[in-house]
Q: 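Pasting a structure below so you can have a look.
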Amino acid sequence: MEFRILGALEVWTGAGRRIPLEGSRTERLLATLLLNADSAVPVARLVDAVWDERPPATAGRQARNLAGLLRRRFAEADPDAPPALLTDGPGYRLALTGHRLDAHRFTDLLTDSRRAAADGRPETAAAALREALGLWRGPALDGLSGAVGSPGAVALDELRLTAWEECLDLELALGRHRATVPELTALVADHPLRERFAGQLMRALHGSGRAPEGLAVYRRFADRLAEELGLDPGPELRALHLDLLATAPVRAGSARGEPARGEQARSDRTRGEPGHADRPEPPDDTPRPAQLPPPLPTFVGREAELGALDRLLTGPAAVLALSGPAGVGKTATAVAWAHRARDRFPDGQLYADLHGFSVDPPLTPHTVLARFLRALGLPGERVPTAPDEAAALYRSLLAGRRLLVVLDNARDADQVRPLLPGAPDCRTVVTSRTRLDGLTARNGARSLVLDVLPAPAALDLLARISGAHRTGAEPGAAAELTAACGHLPLALAISASRLAARPDRSLADHAAELRDEEHRLTALQIDGDATSAVRAAFDLSYRSLPAEAGALLRLLALAPAAEVTADAAAALSGAPTAAVRPVLDRLATAHLLTHLDRDRYRLNELLRLYAGERCAAETRCGERAAARARLCSWYLHHAEAAGLLITPERRRIPLPPPEPWYVPPGFTTPAQAFRWCEEEHTQLLAVIREAARHGRSDHAWQLPVLLWSYYAVSPHLDEWVEADRIAVTAAQRSGDRFGEGHARNDLATALGALGRPDQARAELHRARALLAAAGDQVGEAHVIGNLGDQCLETGEHHQAAAYSREALALLAAQPPERRDDWAIGALETNLGIAALLAGRPEEAADRLHRCLARHRRTGTRVLEGITLYYLGEHHRRQARPAEAAAHLHQALALLDTHTPNSRLRTVVSTTLAELEAPPPPGPSDLTVRQT
């Protein structure tokens with residue numbers, strides 16, 4: 001297999017097929033093992049990596065389960081490959097013998113390059129480094145957060161930059177100056193304080209006959225270094241600067257030995273670069289507008305976005321559309337970059353706020369053209385009154401010039417198109433709250449979406465305005481405050497400004513104020529400044545929506561979780577999915593909703609609060625209640641459909657029929673049903689909480705009980721316990737003994753899976769009494785069988801058999817229409833298991849063989865697989881390894897095909913791997929639960 005960590009974490013088979021990794025916890029565990037490849041990693045260290053600083057009480061057990069799942073996934077995907085994940089002492093080791101790791105290949109190529117360079121073979125050395133750099137697909141372990149990425153991933157990223165520097169040094173020494181300029185321009189933009197890249201770009205520009213631009217690189221680097229760190233460039237870069245000064249064209253009166261501005265502009269137009277030859281040169285008195293607003297002194301972060309804007313300078317696209325939600329900092333980013341790049345546009349910079357989303361009406365293109373034409377030196381009386389003529393004259397005046405145009409706050413593509421220059425050396429940056437896809441389709445624009453700030457940059461912004469000493473003194477409150485602001489720059493700036501105005505107020509007090517969701521948006525405004533309010537910013541976007549989009553946005557606030565699928569949104573609205581999906585896309589285009597993948601969308605926290613306000617004000621109470629009920633009913637019937645596929649033999653609880661609007665789910669296999677539950681598990685728990693909060697007790701206990709089939713095979717044990725506790729409370733509140741009994745029975749199973757047998761047994765005794773009182777004898781028999789199951793796991797084999805016989809007797813007394821044949825088969829199997837574990841091999845073999853025949857006759861494949869496992873265990877205890885292996889392989893094949901329960905499969909796989917070991921003295925983890 002091939003493991004890749006130089007970018008997003010990936011695993012590939014030898015045949016070139018990617019192995020999917022399900023869940024971030026699995027990825028974090030594997031990443032930790034790969035960063036320590038061929039070394040043992042203790043389970044405690046894996047727990048720290050998977051859960052950071054807040055592991056659950058069962059973290060060690062869950063980490064071992066994750067390792068077992070990973071081992072099984074590798075074996076399934078690439079059965080011919082040697083084992084990669086091995087148990088090693090108190091932990092695990094990722095063995096690379098017979099496998100590949102891209103990070104090792106990278107370091108090997110780096111060593112080869114350095115050896116070739118030392119031997120005087122620069123071409124070979126550069127080629128090796130290019131191959132090494134080609135292995136990278138992004139930052140090491142891209143997308144994984146927390147302790148996993150530090151320090152191993154950080155060290156790899158630093159080594160990548162070092163290799164890049166060495167590669168470019170070699171290529172510059174080989175005379176490849178012109179070819180390296182675009183690459184170095186992007187690297188300097190992405191790493192503006194890395195001195196070696198700056199020096200390399202200076203050398204590349206000088207070698208390309210562009211020494212003045214190399215001097216400009218030095219000026220920008222020195223200015224930024226002084227501004228951000230208070231330092232001067234190092235001696236090597238200063239020496240390189242002096243060398244370039246000595247060779248650059250000098251004009252009298254230039255104090256720094258650089259061309260005067262007019263001469264520089266003419267030189268740029270005539271030095272023979274592509275697209276510059278033989279252009280008419282405007283007279284020296286041509287106006288050079290400088291309309292950019294001042295940059296924000298508190299601007300932070302956005303290095304990736306600034307780098308993408310830098311690439312606008314060298315790429316083929318002349319227009320970049322920068323979009324994002326209200327308050328995310330689009331204008332600040334565009335203006336900061338424009339100031340950074342203005343030396344590249346010696347003919348000036350034009351700027352206009354188009355008022356696309358503003359209390360003022362949007363500016364017409366002709367109004368903006370008139371302003372631009374006057375700024376370019378055209379007398380006002382000569383500005384054409386016809387919009388088409390004004391646009392044509394504007395393009396004519398810009399022909400042959402290098403000028404930057406910033407069009408801020410655009411409403412749509414039609415407002416922008418007449419303002420685009422036609423000159424190939426002009427560049428345009430457009431900002432808007434909506435994606436301007438029309439500019440991409442018809443005008444070749446590049447699109448860049450601005451999201452909220454990462455957590456470190458959000459803290460930096462808070463510190464810059466409110467004072468670093470205050471955020472440093474209260475780091476926890478500062479982190480809570482930035483999270484309450486949703487990392488939205490506008491909200492952060494407002495909060496920080498209010499703090500700066502109240503030096504006597506602690507960050508903890510302010511964070512507590514924002515903790516109140518009902519009044520959070522009110523707190524995120526500055527008194528007396530209507531434009532400095534998050535609610536006002538959202539208002540402008542909301543009021544621009546069509547009616548159906550606004551109505552759907554309001555309903556989305558009723559969903560109990562931030563993420564929602566198109567089908568769930570359709571359930572909220574009561575409309576078909578096909579009609580709702582285009583409205584969701586309209587909201588995503590307006591950046592009022594984030595389109596995640598396929599049909600999944602997310603409403604960020606502050607917008608969710610705003611949409612909730614609008615829903616309370618504009619959507620009637622009855623409509624809100626009906627929407628919540630539809631969504632809960634939709635999840636209820638989808639959960640029932642999933643359970644029928646995952647455990648088709650399990651007895652179901654009665655449900656009312658679905659409403660006419662309900663459309664059954666698209667999943668048709670157990671694996672697909674499990675995948676749906678896994679994708680929705682956060683939303684499902686939120687729906688359960690919401691149903692209990694709004695008094696829908698039936699929904700609040702029915703949904704957890706229906707999800708037993710999923711929870712019993714999922715890794716989310718803590719969520720399972722919480723869901724069942726909510727179910728118990730909801731059923732108690734409504735006086736539903738049937739519901740409470742089933743909820744307590746399920747809660748006992750969850751507690752048992754968490755290793756709390758005493759609590760589990762207490763819940764089962766309560767459940768038994770409740771179901772007996774409710775007259776549900778079949779449910780009571782299930783509970784009694786689960787009491788036997790608990791006894792099996794604690795070694796009380798005689799009592800386990802007694803409970804199984806009692807449950808069988810109760811089921812046998814039921815009329816034929818109420819008999820539960822699957823439960824009978826499970827209880828008889830447990831009698832065989834009890835005999836085996838109690839040391840009665842002949843009785844065990846007889847019972848298990850009879851159960852096996854029964855399960856094959858009735859087609860209960862999972863019970864057949866479990867029975868085969870225990871027959872294999874029987875043979876193993878009788879020192880018959882060949883017979884044991886045969887039964888275990890049959891068991892594994894059945895379980896692989898008929899259940900998504902990876903824990904069952906892991907137990908069988910582990911037993912197969914340990915056939916040479918002596919049998920364990922205690923009970924196995926593989927027993928049969930009734931429900």
Q: Working to the nearest 0.5 Å, report the span between SG of C791 and OH of Y803.
A: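 Between atom SG of C791 and atom OH of Y803 there are 5.5 Å.
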
Q: Go through it in stages, so that I can follow the logic: the residues are L912 and H889, the test is side chain to side chain contact (heavy atoms under 4.5 Å, CB included), and I'd like the CA-CA distance, side-chain angles, deciding distance and then a yes or no.
A: CA-CA 8 Å; L912 266 172; H889 279 297; 3.8 Å; yes

Q: Report the C-alpha separation of E873 and V908 in whole Å, then their side-chain angles, then the decisive distance to 0.1 Å, and conclude whether the side chain to side chain contact (heavy atoms under 4.5 Å, CB included) test is met.
A: CA-CA 10 Å; E873 180 66 16; V908 180; over 6 Å; no

Q: Identify the two heavy atoms, one from A781 and one from A807, that lie closest to each other, and give their separation to 0.1 Å.
A: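 Smallest heavy-atom distance, with atoms named: O-CB, 3.5 Å.
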
Q: Ignoring hydrogens and geometry beyond distance, is a side-chain donor-acceptor pair present between R45 and N36 at under 3.5 Å?
A: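 Checked: R45/N36 side chains pair up, N/O donor to acceptor below 3.5 Å.
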
Q: Tabulate below the donor-acceptor pairs under 3.5 Å that side-chain atoms of residues 63-70 make, not counting sequence neighbours, or state none.
A:
unit_1: R64; atom_1: NH1; unit_2: G60; atom_2: O; d: 3.4

Q: Who passes side-chain contact (heavy atoms from CB on, under 4.5 Å) against E722, sequence neighbours left out?
A: L685, R689, I726

Q: Within the side chain of T647, is there an N or O that forms a donor-acceptor pair under 3.5 Å with the backbone of R650?
A: no

Q: Below 3.5 Å, can you tabulate the donor-acceptor pairs from side chains in residues 671-679 to any protein atom, sequence neighbours excluded?
A:
unit_1: Q672; atom_1: OE1; unit_2: T668; atom_2: N; d: 2.7
unit_1: Q672; atom_1: OE1; unit_2: T668; atom_2: OG1; d: 3.1
unit_1: Q672; atom_1: OE1; unit_2: T669; atom_2: N; d: 3.3
unit_1: E678; atom_1: OE1; unit_2: Y710; atom_2: OH; d: 2.7
unit_1: E678; atom_1: OE1; unit_2: H716; atom_2: NE2; d: 3.4
unit_1: E678; atom_1: OE2; unit_2: H716; atom_2: NE2; d: 2.9
unit_1: E679; atom_1: OE2; unit_2: R598; atom_2: NH2; d: 2.8

Q: Dump the intermediate steps for salt bridge (charged side-chain N to carboxylate O under 4.0 Å, His left out) on D746 and R725, then the final yes or no.
A: CA-CA 9 Å; D746 287 5; R725 289 198 189 281; over 6 Å; no

Q: Would you please classify the geometry between the F667 ring and the H638 ring as parallel, tilted or perpendicular, with 30° and 60° separating the classes?
A: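 The arrangement is perpendicular - the two ring planes meet at more than 60°.
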
Q: I'd like to know if the side chain of D38 and the backbone of L96 have a donor-acceptor N/O pair within less than 3.5 Å.
A: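 Side chain of D38 to backbone of L96, a donor-acceptor pair under 3.5 Å: yes, one is there.
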
Q: Checking D820 side chain against A823 main chain: does a donor-acceptor pair fall under 3.5 Å?
A: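 Side chain of D820 to backbone of A823, a donor-acceptor pair under 3.5 Å: yes, one is there.
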
Q: Below 4.5 Å, heavy atoms only, C-beta onward: do H637 and P665 meet side chain to side chain?
A: no

Q: Using a 4.5 Å cut-off on heavy atoms from C-beta on, say whether the side chain of V47 contacts that of Q62.
A: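 SC-SC contact between Q62 and V47 ruled out.
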
Q: Quick one: closest heavy-atom pair of L764 and Q790, and the distance?
A: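 Closest approach of L764 to Q790, heavy atoms only: CD1-CG, 3.7 Å.
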
Q: Taking I833's backbone N and O only, do any of them form a donor-acceptor pair with R847's side chain (distance below 3.5 Å, no angle check)?
A: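 No, the answer is negative, given that no donor and acceptor are paired below the 3.5 Å cut-off.
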
Q: Judged by atom type as modelled, is there a donor-acceptor pair below 3.5 Å linking the side chain of T829 to the main-chain atoms of G825?
A: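 Side chain of T829 to backbone of G825, a donor-acceptor pair under 3.5 Å: yes, one is there.
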
Q: If I compare all heavy atoms of H887 with all of L868, which pair ends up nearest, and what's the gap?
A: CB-O, 3.5 Å

Q: With rounding to the nearest 0.5 angstrom, report the CG to CD1 distance, N745 to I784.
A: 11.0 Å

Q: Identify the heavy atoms of A845 and L871 that sit nearest to each other, and give their distance.
A: O-CD2, 4.4 Å

Q: Could you tell me if the side chain of F74 sits less than 4.5 Å from the side chain of L30, heavy atoms only?
A: yes

Q: Please confirm whether the backbone N or O of R856 pairs with a side-chain atom of T860, one donor and one acceptor, at under 3.5 Å?
A: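 Not at all, since once roles are kept as given, no pair shorter than 3.5 Å links the two residues.
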
Q: Run the numbers on E719 and Y711 for side-chain hydrogen bond (donor to acceptor under 3.5 Å, both in side chains), then give the verdict.
A: CA-CA 8 Å; E719 291 183 10; Y711 277 135; 4.6 Å; no

Q: Measuring from atom CG of D789 to atom NE2 of H782, what distance do you get when rounded to the nearest 0.5 angstrom?
A: 13.0 Å

Q: Roughly how far, to the nearest 0.5 Å, is the CG atom of L827 from the CD atom of E806?
A: 11.0 Å

Q: Under the criterion salt bridge (charged side-chain N to carboxylate O under 4.0 Å, His left out), I'd like the reasoning laid out for E763 against R766: C-alpha separation, chi angles, the key distance, then a yes or no.
A: CA-CA 5 Å; E763 291 296 338; R766 295 188 188 101; 3.1 Å; yes

Q: Determine yes or no for a side-chain-to-main-chain donor-acceptor pair under 3.5 angstrom, with R28 supplying the side chain and A49 the backbone.
A: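 Indeed, once roles are kept as given, a pair shorter than 3.5 Å links the two residues.
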
Q: For the pair R854 and I824, evaluate side chain to side chain contact (heavy atoms under 4.5 Å, CB included) and give the outcome as yes or no after the intermediate values.
A: CA-CA 10 Å; R854 174 194 176 97; I824 292 171; 3.6 Å; yes

Q: Does a side-chain heavy-atom distance below 4.5 Å link R880 with H874?
A: yes

Q: Side chains of Y635 and Q683: do they bring a donor and an acceptor to under 3.5 Å?
A: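 Not at all, the side chains of Y635 and Q683 share no donor-acceptor pair under 3.5 Å.
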
Q: Would you be so kind as to tabulate the donor-acceptor pairs closer than 3.5 Å made by side chains of residues 692-704, with sequence neighbours excluded?
A:
unit_1: R693; atom_1: NH1; unit_2: E690; atom_2: OE1; d: 2.4
unit_1: H694; atom_1: NE2; unit_2: E690; atom_2: OE2; d: 2.9
unit_1: W701; atom_1: NE1; unit_2: D736; atom_2: OD2; d: 3.4

Q: State, to 0.1 Å, how close P56 and D718 come at their nearest heavy-atom pair, and which atoms those are.
A: CB-OD2, 3.3 Å

Q: Side chain of R61, backbone of A753: donor and acceptor closer than 3.5 Å?
A: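 Checked: pair present.
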
Q: With sequence neighbours excluded, what pairs up with R861 under the side chain to side chain donor-acceptor pair (under 3.5 Å) test?
A: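 Partners of R861 under the side chain to side chain donor-acceptor pair (under 3.5 Å) test: E864.
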
Q: Taking all non-hydrogen atoms of both residues, which atom of Y92 and which atom of T87 are closest, and how far apart?
A: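 Looking at all heavy atoms of both residues, the shortest contact is CE2-OG1, 3.7 Å.
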
Q: Return the set of residues passing salt bridge (Lys or Arg N to Asp or Glu O under 4.0 Å) with D776 (not counting sequence neighbours), or none when no residue passes.
A: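 Expected list: R651.
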
Q: Taking the side chain as C-beta and beyond, is there a heavy-atom pair between L751 and D758 under 4.5 Å?
A: no

Q: Determine, stepwise, if the pair D724 / W708 fulfils side chain to side chain contact (heavy atoms under 4.5 Å, CB included).
A: CA-CA 9 Å; D724 283 337; W708 181 93; 5.9 Å; no

Q: Do any N or O atoms from the side chain of E796 and from the backbone of L792 form a donor-acceptor pair under 3.5 angstrom?
A: no

Q: I'd like to know if the side chain of R71 reaches the main chain of L85, judged simply by a donor and an acceptor atom lying under 3.5 Å from each other, with no hydrogens or angles considered.
A: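 Checked: pair present.
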
